[in-house]
Amino acid sequence: MRPSRHRRLTALVALATVLVTAVPATAASAGDSVNRRAGHLRVGYFTQWGIYDRAFPVKKLDTSGAASRLTHVNYAFGNVSEDGRCYVDGGPGEGDAWADYQRPVPAEESVDGVADTWGEPLNGNLGQLAKLKARHPHLKVLISLGGWSWSTYFSNAARTDASRRAFVASCIDLYLKGNLPVLDGGSGGPGAAAGVFDGIDLDWEWPNWPGEPGNVVRPEDRQNFTKLLAEFRRQLDAYGRQTHRHYALTAFLPANPAAMDAGYEGRKIFRYLDFATVQGYDFHGSWDAVTNQQSALRGPRGAPDDPDFSVEVAIDGWIARGAPRDKLVLGIPYYGRGWTGVTGGGNGLFQPAAGPAPATFEPGYEDYRKLKTLAGDGFTVHRDLRGGHAWLFDGTTFWTYDDPAVVLQKTLYIRRAGLAGAMAWSLDGDDDNATLTRTMSLGLTGR
């Protein structure tokens with residue numbers, strides 16, 4: 001990092017400290033000092049598909065400086081079959097074994113500069129993650145199961161004692177023992193991925209609550225989620241006694257208080273989790289008829305929804321339900337949500353819109369690395385310092401997003417509240433200098 005950039009970020013830290021401490025404490029922050037917790041977690045999701053259109057190979061985590069500033073990388077995602085097993089399938093919509101461990105990574109994309117050869121047991125993203133860990137021994141890599149698209153059959157996997165035992169055993173066999181299916185050419189095989197993963201992240205969206213259309217949802221999901229965590233913890237610990245290692249168990253949790261109550265037994269689930277990441281984004285988006293914030297720290301004044309979603313609502317909600325502060329990791333978006341056809345004038349906030357803004361990969365969704373280039377290019381950056389959010393507006397198109405100043409404000413909030421750390425969705429949304437990850441690290445660790 002160049003000294004001038006470091007000075008700018010240091011100045012932003014000072015500003016963020018003022019902004020956080022100037023606002024009255026909430027349930028999450030009351031009574032906590034800024035330096036309550038040392039060694040904050042910095043978790044980032046690496047997407048399987050980011051190697052394609054986004055041209056984001058594992059190597060970029062090294063060359064950008066992100067890997068040296070993260071504590072955990074969550075690999076997204078692993079799939080769950082209808083009969084409740086962890087599995088790898090190359091069928092359409094069911095998986096991408098080519099990206100995972102079959103694709104020969106060329107030298108220019110390889111972490112160590114050495115090209116893969118066809119048919120090696122571990123090519124692709126998993127092979128590169130192994131190389132990344134060799135270069136950054138502090139870094140832990142978890143396999144994240146589910147996500148929005150692959151949570152369809154979690155309920156089946158969690159339904160009975162027998163299904164839970166079989167599901168957990170299949171996940172440990174596939175990802176921790178590394179027994180990958182053998183593919184054309186020879187990639188995979190017994191133990192091929194052993195040592196790549198240091199634990200398992202459950203991204204069930206959501207127990208006993210609607211997620212993607214078609215998901216299996218049952219009222220008993222709430223209790224079964226706790227039982228599933230208990231079974232994961234039991235089998236992970238048993239396997240850890242064999243290998244003399246601790247395997248982490250984490251989960252991604254919702255921001256919606258109604259979903260918290262429907263799907264989770266509050267305090268009980270944290271008996272089994274090393275930590276949990278909390279959704280700190282998608283509070284609003286182009287599915288709404290008016291522009292709004294997608295990741296504000298606090299509910300903005302004048303919001304059309306009262307009460308509204310916010311980071312504090314999410315964190316306070318989990319604390320009120322018995323979550324330990326030092327097991328909560330706040331999710332931060334590396335993307336924005338956007339609308340176009342905005343009318344009503346002013347700064348564009350809380351105004352009617354015609355629909356989702358045009359974007360690179362998905363209407364209404366744009367990576368930070370693209371949004372940062374809009375500032376000054378016809379768009380004006382606006383901020384709500386109390387609410388802790390920023391947006392871009394050009395008179396017609398509106399984007400709500402987190403820039404470095406907002407990320408710093410959130411890291412100071414994390415420290416003041418005594419939370420475990422921060423999580424990024426997803427690392428491929430950052431720029432080539434890992435500006436947001438560097439900012440997260442600076443705010444949490446001072447470097």
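No donor-acceptor pair under 3.5 Å is formed between the side chain of Thr250 and the backbone N or O of Phe275. The closest donor-acceptor contact from the side chain of Glu120 to the backbone of Thr117 lies under 3.5 Å. With Arg245 contributing its side chain and Gly240 its backbone, the two residues share no donor-acceptor pair below 3.5 Å.
A donor-acceptor contact under 3.5 angstrom links the side chains of Tyr87 and Glu94, judged on distance only. With no hydrogens or angles considered, no side-chain donor-acceptor pair links Ser151 and Asn215 at under 3.5 Å. Side-chain atoms of Tyr281 and Asp402 form no donor-acceptor pair, as typed in the model, at a separation below 3.5 Å.
Contact check on Lys60 versus Asp432 returns a salt bridge, with a Lys/Arg side-chain nitrogen under 4.0 Å from an Asp/Glu carboxylate oxygen. Using a cutoff of 4.0 Å between basic side-chain nitrogens and carboxylate oxygens, Asp116 and Arg103 are not scored as salt-bridged.
Scanning for ring-ring contact (aromatic ring centres under 6.0 Å, His included) contacts around Tyr365 gives Tyr335, with sequence neighbours left out.
A side chain to side chain contact (heavy atoms under 4.5 Å, CB included) with Tyr247 is found for one member of Leu236, Asp237, Asp274, Ile200 and no other, namely Leu236. For the side chain to side chain donor-acceptor pair (under 3.5 Å) with Asp112, the qualifying choice from Lys59, Lys131, Gln128 is Lys131, the only one to do so.
With contacts defined as side-chain heavy-atom distances shorter than 4.5 Å, the pair Asp96/Tyr52 qualifies. Contact annotation: the side chain of Ser144 never approaches that of Phe46 to less than 4.5 Å [non-hydrogen atoms, C-beta and beyond].
More than 12 non-hydrogen atoms from other residues, nucleotides or ligands lie less than 6.0 angstrom from CZ of Arg218.
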